[in-house]
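As the structure lists them, so they are numbered: ligands from 1, and atoms in each ligand from 1.
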Amino acid sequence: MPASILVLNGPNLNLLGTRQPDVYGTTTLADVEAICRAAAARAGREVAFVQSNHEGALIDAVHAARGAHGAIVVNAGAFTHTSIALMDALSSVDLPVAEVHLSNIHRREAFRHTSYVSLVAVGMIAGFGAQGYALAIDALDAHLAAAGR
Ligand code: DQA
């Protein structure tokens, strides 16, 4: 059985579709989930999809991924730029991480240019909207396959 992938979304991403559509587009979180499920199905992998507005709940979900999933796709929202605790959780579970942002965080305000998640991620995809999640799943699929997982 190929290793499954956890897709984790942080604060305010539940509002996708209505939240700042000029920045984030009109794609909803349900659309993002469908894109992830389609990408995972193409790769022959299971996917679990979690969103929380709470830092501790995201950390709990990362801890629960150990032993349950082979890799994590994470869009930590604004916690990307602030949460050493989430970064520590991601490094503690020792699973490959792909960081995703809908927007290109490097074209935006300076405070978005720092990512704690990047310090523990294999790689990062930013600026391609919801399609970035499918790119991240493809990348983690190849990363896992190379490790025989
Ligand atoms: C985001 C970028 C973050 O800076 C922001 O706080 C978000 C969304 C993105 O997907 O582009 O909530 O992670």
Side chain, backbone, both or neither: which part of V100 comes within less than 4.0 Å of ligand 1 when only heavy atoms are counted? neither
Kindly determine whether V122 and E99 satisfy side chain to side chain contact (heavy atoms under 4.5 Å, CB included), including the steps that lead there. CA-CA 8 Å; V122 178; E99 177 180 4; over 6 Å; no
I need the Q51 CD to L58 CG distance, nearest 0.5 Å. 7.5 Å
Please confirm whether N12 comes under 4.0 Å of ligand 1, counting heavy atoms of the residue only. no
E99, portion touching ligand 1 at heavy-atom distance under 4.0 Å: neither
Please report the closest heavy-atom contact between A98 and A136, naming both atoms and the distance. CB-CB, 3.9 Å
Enumerate the atoms of ligand 1 whose separation from the nearest heavy atom of I105 is less than 4.0 angstrom. 2 (C)
Would you call the rings of F111 and H81 parallel, tilted or perpendicular, taking 30° and 60° as the class edges? perpendicular
Applying a heavy-atom cut-off of 4.0 Å, say which part of L102 lies close to ligand 1: side chain, backbone, both or neither. both
Please state which part of R112 comes within less than 4.0 Å of ligand 1, counting heavy atoms only: side chain, backbone, both or neither. side chain
Which of the numbered atoms in ligand 1 are under 4.0 angstrom from any heavy atom belonging to S103? 2 (C), 9 (C), 11 (O)
Note: I5 and L140 closest approach over all heavy atoms is CD1-CB, 4.2 Å
Among protein heavy atoms, which sits nearest to atom 1 (C) of ligand 1, and what does the distance come to when rounded to 0.1 Å? H101 ND1, 3.7 Å
With a cut-off of 4.0 Å, which atoms of ligand 1 are near a heavy atom of N75? 1 (C), 9 (C), 10 (O), 13 (O)
Over all heavy atoms of both residues, which pair between R112 and Y24 is shortest? Give the atoms and the distance, please. NH1-OH, 4.4 Å
Nearest heavy-atom neighbours spanning H113 and R107: NE2-N, 4.5 Å
Distance to 0.1 Å, residue and atom name: give those for the protein heavy atom nearest to atom 8 (C) of ligand 1. Y24 OH, 3.4 Å
If you round to the nearest 0.5 Å, how far is CZ of F79 from CG of N12? 8.5 Å
If we ignore hydrogens and angles and just use 3.5 Å, is the side chain of S52 paired with the main-chain N or O of G10 as donor and acceptor? no
Here the atoms of ligand 1 under 4.0 Å from any heavy atom belonging to H81 are 3 (C), 4 (O)
A78 N/O to ligand 1 N/O under 3.5 Å: yes
Answer yes or no for T80: is there a heavy-atom contact with ligand 1 below 4.0 Å? no
